[in-house]
Amino acid sequence: MLLTTKFFRPAPDPDAIRRPRLLERLAPRTRKRLNLVIAPAGFGKTTLVSQWCDEQEGRLAWLSLDSSDDDPRRFWQYLCGAFEQAGVDGLGDCQSAFQTCALHEIEGAITGLINALVASAEHRLHLVLDDMHEVEDPAIHRQLTYLVDYLPPTVMVTLVSRTEPALPVARWRVRHWVDDVPPQMLAFSEEECQRFFSDYMAIPLDADQARTIWQRTEGWVAAMQLSALSAPDDPVNRGADAAPSPISGREISDYILTEILEQQSDEIAEFLLATACCLRLTASLCDSIRGATDSQTILESLSRRHLFLIPLDTRDEWFRYHDLFREALFLRLEQTDPKQLAERQSRTIHWLLEHDHIQEAIAQLIQLEDWSWLANVLEQHGNNLIQGGFHLPVLEWLDRLPPGTVDDNPQLAMLRIWANFFANRLDAVEPQLDRLEDLLDRRVAESHPDAEGALGLNSEISLMRSYLARTQSDLESAADLTRQVLQDLDHTQMPLKSVTYYGIGLDYFSQGDLPAAEEALQSAVSYGQIERKPSTVLSSGGLLSWIQFNRGHNDVALKTAVSIREWIDRHYTDPSQPRLISCWQNCSLIEIYRERDQLDLAETYLAPLTGHLQSGTEPGQHVIIQYARAHLAFTRGDYQTAIEALDDAEAVLERRRDHIIFEPPSLSALRARCWLAQNRLDDARGWLDSRENVTFRNPLNREQNRITAARVLIALGEPKNAISQLSPLRLSTERDQHHRHLIEVLTVYAEAMDALNQPNEAQTVLTEALKRGAREQFFRLFVEESPRIHRLIGDNHHAAIPQEYLEALKSRLPESDEETAAPSEDGPVAVDGLVEPLSAREMEVLRLINDGLANREIAESMNVAATTVKAHIRNLYGKLDVKSRTEALARARKLGVLS
């Protein structure tokens, strides 16, 4: 049960100060998705947002969070409950999914929630999450990022928090999705200042007094509170001279230094100045800078007094000063004791490096302009930063070094090469490698003191050249270079085993030796975890999962992907940075969840890949992403989208074939299946005739091609020829343990036997396919076959097949099969001007559209799933050659399909 009071917005305070300038900033605008109201306690955040909610049209979903909500399942159940409380319909399935799905599958339920919000898009909807600082789980932050990334434009989120959220806000700001209300903006205006004293502090001020305090504090609530505390406590004895003392100083820095810093005890003042060089504070860091042990006590004291110290968590571990406050302290120390400031900055950097806060240390070094130290830090930590996904910042930091520093330093030159490689800037890599090799040759010839270390880079150079050879499809050179690297690995201190074995796995995969590829990739994952190389672990594990799925090991592939993702998130999680993803892993998960008929979850893993397509990615990855996208669209019945994705993949493959080191899945075979589903038999026959001269290195692709050829032959009325295609595959797929293709072979074989009027033999073969499908929970494989197979499945009641699986499979068979078994009296509608005849179901959908029903209402009327309705509508648009409902109705009336 959910506590409904958490969904109640705090009752508006009629005496609260209205703040039109802030209310206007919170208002919806084009492209905005998020309001961020961030400030310490007592800044009036909740009051402001509550006032704003009073003025908004549409629905309001409010959720007050507490520490118990720092759990992904509970958080999303409550968030879904907030939407239900706001009147959003159709969330029952979402709530059930949040209750029952595995934790790593929650994003699939979030996709369902997003789809439900899209269905309610006719109403503007506001979601307010109050006290967001109570939620610290990185998984929730990642999931909330996904929600915001894919919200419909009618939904806007407002986060109210005491601390900065660990979200990719910088990326959202670039897209103009965010409006911030930070503490500086929450500072009171002159009028608000006067009302603050009169209404809340019960200290009436005249206009001149209010103006003086407002000018000298610049409206900072904390300073105003300090002013109010200077007034007598006895309101009876207050007179004109008993008002708060105006804070002296012409600028806010004067105010901080004179009226705050100088009013503190010597101990506190020393602490503030000593720690002013820190962008973030924690007790251990402060102790190190000060040479003391009492920093935690002081930090907690400053936090309780709200002395411009902002907590960054709820455990009183990490804090930061208000920026202007820190800058004023830093300026004072820089003016009074620059030598001591430099010493404290040095201690800060040493502590940050010792505690693996490398990026903060680099920020300090850049501020100090200590380029020699920065070069040493990049030498030592640069590879780990690149492996953590920070290759672009590394390139920027290298560019900050004085001219010639990188070119004259072999380690930094190699670091730049790796950063460019991970940034897919391959054109820059080859000339940089040539220059580096020239530098190393000179150092050896000149007996340079670092000649031995320079020689150690040769293995790394060979490894890089092996990857460049793969991008040029020179697999023989890649293999030779990789073997050389393996021989040298035991004689070098460089952690290169994971990257080397990943290359070996790619080579075996390209050659079609899948067992050897799996073995090499498992080694790459193991060494990558030992070497702490997250990018290599993710790429190796993703390709491993892709191979395992395509060999039919669904459960193993899913466990591989999930375990890799958990390792990455456990060791390299920073929700404010883009999440490390792998094309191979995400495509593998798309295929796994598509096959298990969890299409919303599959869409979750496709969504981030579409961004890679738009921004540009490596050609092989482009092809694989478009294949996975096309397969998912095929599953949804969106054949036009599937064909468009395949056409794009084919164009990239033709244009960049020499840069793709592996053989992609058979794009043309999937296109042929789309044509079969659309009853475009002439196109399918043309593909069948054109495939004679096609050869394949990868056995999976060869099998995929032949199985589709058998499907086309059956559709063309040639089941005997189909059996001649399938018979050798029954042996080879079982021998090579290609279980998914073996199930397909048996299924299509059963269809051919039934077409030859041998139903008993057909059921025998189909039963074996279903038994194997049940072990790995294959669903879409059978659902996407022909109506003949669906009828055979409906008639199958073999005891050897788990009944729970068989019933679940039968429930997924498309509604249109019922029409195949018992055709409608109306029959298909064929008139001149139609691309293809309209089926009875499509005519029914068209009539319901004409009646003004929405998709959800059509689904309820026809007693089918909403996705089925969408598929019928897409087919309608294609057959009528239109792009919208209005055009469809107009075209149908013009052709006489509708009266």
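Everything numeric in this text was worked out from a predicted model, so none of it was measured.
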Within-4.5 Å side-chain heavy-atom neighbours: [X] and [Y]:
X	Y	answer
L167	L159	yes
L34	W177	no
N586	L606	no
L589	F549	no
R142	D569	yes
L279	R320	no
M414	M464	yes
L558	R596	yes

Handout entry: Worked check of side-chain hydrogen bond (donor to acceptor under 3.5 Å, both in side chains) between Q367 and Q345
Key = CA-CA 10 Å; Q367 186 182 54; Q345 283 189 290; 3.2 Å; yes
Over 60° means perpendicular and under 30° means parallel, so tell me whether [X] and [Y] are parallel, tilted or perpendicular.
X	Y	result
W584	F509	perpendicular
Y501	Y527	parallel
H357	W318	perpendicular
W351	H355	parallel

Exercise for the section: Just do the side-chain hydrogen bond (donor to acceptor under 3.5 Å, both in side chains) check on Q522 and E518 with the steps written out, would you? Expected result: CA-CA 6 Å; Q522 286 167 345; E518 284 191 62; 4.7 Å; no
Practice task
For D137, enumerate each residue passing the side chain to side chain contact (heavy atoms under 4.5 Å, CB included) test, keeping only those at least two apart in sequence or located in another chain.
Solution key: D70, P72, A139, I140
Problem - Residues in side chain to side chain contact (heavy atoms under 4.5 Å, CB included) contact with S67, at least two apart in sequence or another chain - result: E134
Practice task
Tell me, please, whether W397 has R400 positioned over its six-membered ring: NZ or CZ under 6.0 Å from the ring centre and within 45 degrees of its axis?
Solution key: no
Is there a donor in the side chain of [X] and an acceptor in the side chain of [Y], or the other way round, less than 3.5 Å apart?
X	Y	answer
T560	S545	no
S68	R74	yes
S295	R290	yes
E595	N554	no

Handout entry: SB check E531 K497 (cutoff 4.0 Å)
Key = no
Handout entry: D513 and R697 ion-paired at < 4.0 Å
Key = no
Over 12 foreign heavy atoms within 6.0 Å of [atom1], [X]:
X	atom1	value
D427	CG	no
Y508	OH	no
E519	CD	no

Handout entry: Y605 side chain to Y593 backbone, donor-acceptor under 3.5 Å
Key = no
Problem - Exercise: identify the closest heavy-atom pair between T348 and C277 - result: OG1-SG, 3.4 Å
Problem - Residue pair Q143, L147: steps toward the side-chain contact (heavy atoms from CB on, under 4.5 Å) verdict - result: CA-CA 6 Å; Q143 293 154 3; L147 176 74; over 6 Å; no
